[in-house]
Amino acid sequence: MNSIAINGINLAYNRRGKGTPLMLVHGFPLDSTSWNETVPLLENTFDVIQPDLRGFGKSTTVETQYTVSDMADDLVGLLDHLGIEKTALAGHSMGGYIALALAKKYPQRVSALGLISSQAAADSAERKEGRYKTAADVAEKGVGVVVESMTPKLSADTRVQAFVHDLMGQQSKPAMIGALKAMAEREDYFSFLSQATCPIVLVHGSADALIPIDRAKEIKAAVPSARFVELQGAGHMPMMELAKETAKALQLLAV
Ligand code: MLT
């Protein structure tokens with residue numbers, strides 16, 4: 001992996017393939033390797049950039065609290081470093097929140113926006129409170145509380161479960177706590193999306209137990225021009241559960 005120093009952290013990333021730049025933003029609490037089964041199916045069409053978000057994988061983090069917008073700034077710093085003016089951007093779940101923050105703040109940098117197993121709404125008061133409670137539990141008891149509760153919600157496929165269980169277990173407490181609070185404080189992106197001018201692609205598993213497919217349908221209803229790809233039977237990890245179909249949907253971002 002390569003890395004750059006940016007905004008007080010070291011940001012690690014992989015880059016492979018040729019074509020339209022495509023940045024793949026991973027979800028919580030995972031890292032860039034969650035895309036590894038899909039990338040070989042994309043690298044003939046795209047110049048694929050896979051960052052580890054701050055704190056996750058091989059990237060470092062800072063002590064002070066940050067926002068999804070700060071995490072988006074890291075990614076723009078990476079684009080600057082790579083000399084990429086404009087990129088297709090696909091975010092998985094939390095990665096979708098960061099992609100939305102990036103597209104809103106830097107619309108000129110995004111050629112197309114993909115939201116995979118994600119949503120545009122902010123957290124309800126109850127969900128927000130739950131995130132702070134989970135962050136406190138992680139601080140006290142360690143990352144295992146999140147690993148055990150999230151594994152069955154991410155996928156019903158035992159192969160995928162084994163992968164995410166192991167991957168989540170490798171992530172650090174500060175990364176989980178920082179990201180939980182950043183997600184809790186994120187804004188609602190519906191009004192941004194309804195005015196966005198870049199193509200939007202929604203990819204969602206019909207059996208997603210973490211973010212129900214209705215969240216994607218709500219975006220499609222608010223933004224009729226968005227392309228909506230429903231992946232039958234997939235849970236929250238379509239890039240692993242249905243890698244081929246997910247890669248096909250992501251080809252829609254090559255505009
Ligand atoms: C994710 O899968 O990235 C997160 O769990 C999404 C969320 O908690 O809202």
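Predicted, not measured: the structure shown is a model, and the values here were computed from it. In listed order, ligands and their atoms are each counted from 1.
Here the side chain of S3 pairs no donor or acceptor atom with the backbone of N10 at under 3.5 angstrom.
Among K18, R15, R16, the single residue meeting the salt bridge (charged side-chain N to carboxylate O under 4.0 Å, His left out) criterion with D47 is R15. With Q50 as reference, N36 is the one residue of N14, T33, D31, N36 to meet the side chain to side chain donor-acceptor pair (under 3.5 Å) rule.
In this structure, the separation between CE on M23 and CG on L253 is 13.5 Å, given to the nearest 0.5 Å. Between the CD1 atom in I116 and the CG atom in L250 there is a gap of 4.5 Å [rounded to 0.5 Å].
Those atoms of ligand 1 that come under 4.0 Å of a heavy atom in R127, given as number and element, are 8 (O). For ligand 1 and H236, the ligand atoms under 4.0 Å from any heavy atom of the residue are 1 (C), 2 (O). Counting the atoms of ligand 1 from 1 in the order shown, those under 4.0 Å from a heavy atom of R131 are 7 (C), 8 (O), 9 (O). Every atom of ligand 1 is numbered from 1 in the order shown, and the set under 4.0 Å from a heavy atom of M150 is 5 (O). When each atom of ligand 1 is checked for a heavy atom of L210 under 4.0 Å away, the hits are 2 (O), 5 (O). Those atoms of ligand 1 that come under 4.0 Å of a heavy atom in G27, given as number and element, are 3 (O). Taking a cut-off of under 4.0 Å to the non-hydrogen atoms of Y97, the atoms of ligand 1 that pass are 6 (C), 7 (C), 9 (O). Each of the following atoms of ligand 1 lies closer than 4.0 Å to a heavy atom of M94: 1 (C), 3 (O).
Judged by the shortest distance from any of its heavy atoms, H26 lies outside the 4.0 Å radius around the atoms of ligand 1.
Between L154 and ligand 1, a contact under 3.5 Å exists for no N or O pair.
Note on ring orientation: taking the six-membered ring where Trp is involved, the planes of H92 and H236 are tilted (angle from 30° to 60°).
A salt bridge does not link K248 with E245: none of the charged nitrogens is closer than 4.0 Å to a carboxylate oxygen. A salt bridge between D73 and R54 is absent, with no side-chain N of the basic residue lying under 4.0 Å from a carboxylate O of the acidic one. Salt-bridge annotation for E37 and R159: present, with a side-chain N of the basic residue lying under 4.0 Å from a carboxylate O of the acidic one.
Residue-level proximity to ligand 1 for M237 is absent, since no heavy atom of it falls below 4.0 angstrom. If you look at L30 next to ligand 1, there are no close heavy atoms at all, none under 4.0 Å.
For atom 6 (C) of ligand 1, the closest non-hydrogen atom on the protein side is S93 OG, 3.0 Å.
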